[in-house]
Amino acid sequence: MEPVAVGLVGAGPWAEMAHAPMLAAGPHTRLAGVWARRPEAAARLGVPVYARLEELFDACEAVAFCVPPAVQAELAARAARAGKALLLEKPLGDSLDSARRLADAVAESGVPSQLVLTLRYAAGTRAFLDRCREIEPFGGHAANISGSLVGDHPFATPWRLERGALLDAGPHMIDLMDAALGRITGVRAHGDPLRWAGLLLEHEGGAVSEVSLSQAAVGDLPPASVAVYGRKGAAVLDPGGDPLPRVAEEFARTVRQGGHPLDAAHGLRLQQVIEEAEAQLRTP
């Protein structure tokens, strides 16, 4: 299969650490160029830098986004209308309205889309979800605790500092609970997204789960954890390995063949849960 020519929108820390090397490494994708608000940052990626977004679109058949959620929602809709397949970051947008506009643009244009929910691409996650289907699960717990909003951490960016862990780490944990225990039908939230947020999720079929989120912790912190319990045993997630090569491989297949379970419509479902939880956290 001919490598898919992918343009990259964004040149921040995550683009430099993950997206650019992932897309440039091949053999399934080729990094065709980059557009970013800061051309000097884009120049560090070692590929053609385009002054106008439309010029980037002309140079590629698919576009990957590594920008703040509000920017992604706007620019990815433009890419969809230009007929480009989309590799999207989580969350889909900065609000349910912006996420819905993007999802609508994807549906109306018919372009393929895929979300970079990195944990879902890990080999260990596939085995974990297979195990969850075997144990007749009735409950689970996920925790993602870090210090990425403390001090001069490279990911302490304005949108994360404003919205906190629920919008950043939340999609990963909510998505895994949704995949392991069934479609989420209800959410109750308490705490503070800038310190500690707790979610109680209700799932189709009666299962329940808890999600704990913080990006304000300090000290020697444990890794993220996900566990599910059922009538026939338990399943504990051990992701293992680098998931990014599989992201690129599956995206190339999505571009050529269409259809992926982690698409813009799935991202919209996650955004609905996040928005409902945020509304409860804002209520005195």
Side-chain angles (χ1 to χ4, degrees), residues 1-50 53 55-68 71-72 75-76 79-80 82-90 92 111-128 148 154-155 157 168-169 171-172 175 223-224 237-264 266-267:
M1 182 173 69
E2 182 72 17
V4 174
V6 185
L8 177 60
V9 173
W14 187 237
E16 189 170 357
M17 292 168 56
H19 282 64
M22 170 186 74
L23 296 169
H28 306 286
T29 56
R30 174 177 64 84
L31 185 56
V34 61
W35 176 91
R37 181 176 56 85
R38 295 180 297 119
E40 68 278 7
R44 293 199 298 265
L45 302 182
V47 294
V49 177
Y50 291 93
L53 193 60
E55 293 174 347
L56 178 68
F57 293 167
D58 290 341
C60 64
E61 54 190 311
V63 185
F65 290 85
C66 198
V67 289
V71 179
Q72 172 173 270
L75 299 186
K84 306 301 175 182
L86 308 177
L87 185 62
L88 300 164
E89 263 295 343
K90 54 76 202 164
L92 202 59
V111 298
S113 62
Q114 184 175 319
L115 282 169
V116 184
L117 289 161
T118 47
L119 281 173
R120 285 290 292 273
Y121 297 88
T125 303
R126 307 291 168 94
F128 165 77
S148 59
F155 294 136
T157 53
D168 187 20
H172 292 296
D175 171 64
L237 176 63
D238 179 9
D242 181 4
L244 293 179
R246 181 170 281 181
V247 174
E249 179 181 357
E250 292 193 11
F251 183 55
R253 192 178 308 124
T254 296
V255 174
R256 299 292 186 228
Q257 301 174 7
H260 195 280
L262 304 181
D263 61 4
H266 182 73

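Here the structure is a predicted model, which is why all the values come from computation and not from measurement.
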Discussion item. In the structure I gave you, are the side-chain heavy atoms of V34 and Y50 within less than 4.5 Å of one another anywhere?
Written reply: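 The answer is no; the side chains never approach within 4.5 Å.
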Item to complete: Answer yes or no: is there a side-chain heavy-atom contact under 4.5 Å between V9 and V63?
Response: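 Side-chain contact under 4.5 Å: yes.
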Distance (rounded to the nearest 0.5 Å) between [X] [atom1] and [Y] [atom2]:
X: H266; Y: L117; atom1: NE2; atom2: CG; answer: 6.0 Å
X: Y121; Y: Q114; atom1: OH; atom2: CD; answer: 3.5 Å
X: L237; Y: T125; atom1: CG; atom2: OG1; answer: 4.5 Å
X: F155; Y: M17; atom1: CZ; atom2: CE; answer: 4.0 Å
X: D175; Y: L115; atom1: CG; atom2: CG; answer: 8.5 Å
X: L88; Y: C66; atom1: CG; atom2: SG; answer: 11.5 Å

For [X] and [Y], work out which heavy atoms get closest and say how close.
X: L244; Y: M22; result: O-SD, 3.4 Å
X: V116; Y: H172; result: O-CE1, 4.3 Å
X: F65; Y: A79; result: CZ-CB, 3.9 Å
X: C60; Y: A5; result: CB-O, 3.4 Å
X: L23; Y: A64; result: CD1-CB, 3.8 Å
X: A85; Y: V255; result: CB-CG2, 3.8 Å

Under the 3.5 angstrom rule, does the side chain of [X] hit a backbone N or O of [Y] as a donor-acceptor pair?
X: R38; Y: G10; value: no
X: S113; Y: A264; value: yes
X: T29; Y: A248; value: no
X: T254; Y: E250; value: yes

Worksheet item: Should the heavy atoms of other residues, nucleotides or ligands under 6.0 Å from CZ of R37 be counted, would the total exceed 12?
Response: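 Count not over threshold, so no.
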Worksheet item: Should K90 and D168 be marked as a salt bridge (charged side-chain N to carboxylate O under 4.0 Å, His left out) after you check the CA-CA gap, both sets of side-chain angles, and the distance that decides it?
Response: CA-CA 7 Å; K90 54 76 202 164; D168 187 20; 2.6 Å; yes
Item to complete: For side chain to side chain donor-acceptor pair (under 3.5 Å), just list the numbers for E89 and W14, CA-CA rounded to whole Å, side-chain angles, deciding distance to a tenth of an Å, and then say yes or no.
Response: CA-CA 10 Å; E89 263 295 343; W14 187 237; 2.9 Å; yes
Practice prompt. Just jot down the salt bridge (charged side-chain N to carboxylate O under 4.0 Å, His left out) partners of R44, sequence neighbours excluded, or say none.
Written response: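 R44: salt bridge (charged side-chain N to carboxylate O under 4.0 Å, His left out) contacts with E16.
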Fill in: Worked check of side-chain contact (heavy atoms from CB on, under 4.5 Å) between V6 and L87
CA-CA 9 Å; V6 185; L87 185 62; 5.7 Å; no
Discussion item. Among R256, R30, E2, which residue satisfies the side-chain contact (heavy atoms from CB on, under 4.5 Å) criterion with E61?
Written reply: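 Among the candidates, only R256 passes.
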